[in-house]
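Just so you know, ligand 1 is whichever comes first in the structure, and atom 1 is the first atom listed for that ligand.
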Amino acid sequence: MGQGKYTAHIAVVASAVGLSLAVWGAAALMDNETAVGMGKAPASQGSAGQPDRVRPQKVPESIAHAAEAGGSAVNITIDDGPDPRWTPQMLDILRENGVKAVFCMVGPMAKDHPDIVKRVVAEGHRLCDHTVSHDTTMDKKSVAYQKQEIFDAKKMIEDAAGGAEVEYYRAPGGAFTPDSRRLAAAAGMRPLGWNVDTKDFEQPGTASIVNTVKNELSNGPTILFHDGGGDRGQTVAALRQVLPWLKENGHTFSFPVRTRP
Ligand SMILES: [Zn+2]
């Protein structure tokens with residue numbers, strides 16, 4: 001998709017509303033049902049070095065949990081990296097299983113490991129902003145602080161990725177606020193939650209991580225793992241078991257919804 005489609009969207013909306021320059025203001029206020037037909041922003045356009053601009057679709061401010069594919073599809077989400085030891089191993093396992101995931105990256109780690117960020121993008125995974133400092137109390141702090149945490153990390157991840165779009169925002173520890181959700185959504189990043197916390201961060205043992213997925217998948221499709229923040233050997237071993245198990249049990253793999261609830 002290129003600029004032509006972007007322009008076409010404007011034309012369609014403009015004719016529908018009967019206005020020109022005021023249209024984007026109206027579009028920004030539309031609910032996601034109204035805007036759902038406006039499609040997804042072309043990822044290939046990139047935004048490196050360009051100011052943030054209004055995108056041709058509305059990203060809801062609500063926290064996403066559902067899978068784009070619906071049905072029995074699940075979303076694999078992996079937080080706190082990229083890590084030079086663990087992330088490449090997880091990418092190998094994902095590739096062997098033909099699975100795409102969302103990587104919620106901490107800005108400075110992305111900046112330190114642009115090669116891994118580029119591999120994540122090249123292999124078809126999606127990027128998620130997980131802030132600069134991973135401050136799990138950021139929901140108690142000023143809007144200006146939250147804004148800086150979110151936007152500085154977005155820039156670091158985009159720069160490391162060579163301009164690929166950051167499509168989600170996940171607050172560290174789930175410390176979302178209405179302001180942070182609004183800021184992220186306005187910048188094209190859907191707030192992203194989870195349904196199954198594998199607790200892999202606490203290193204409970206590979207079997208425990210695997211069993212948590214099996215036992216709690218009825219909660220919903222979005223599963224939380226970690227590739228940073230410590231020794232993630234158990235997570236690597238668990239992924240090696242969990243991905244084939246999910247497939248054997250009739251699950252497919254998707255991404256979290258982005259432009260719909
Ligand atoms: Zn985290």
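- With salt bridges taken as basic N to acidic carboxylate O contacts below 4.0 Å, none links Arg182 and Glu61.
- None of the N, O or S atoms belonging to Asp79 lies under 2.8 Å away from the Zn ion (ligand 1).
- Closest approach between the Zn ion (ligand 1) and any N/O/S atom of Asp80 involves OD1.
- In this structure, Glu123 pairs ionically with Arg95, as a charged nitrogen and a carboxylate oxygen lie closer than 4.0 Å.
- Lys199 and Glu216 are not joined by a salt bridge, as no carboxylate oxygen comes within less than 4.0 angstrom of a charged side-chain nitrogen.
- Residue side and main chain included, His130 places an N/O/S atom under 2.8 Å of the Zn ion (ligand 1).
- With salt bridges taken as basic N to acidic carboxylate O contacts below 4.0 Å, one links Arg119 and Asp92.
- Taking 2.8 Å as the threshold, His226 does not count as a candidate ligand of the Zn ion (ligand 1), since none of its N, O or S atoms lies below it.
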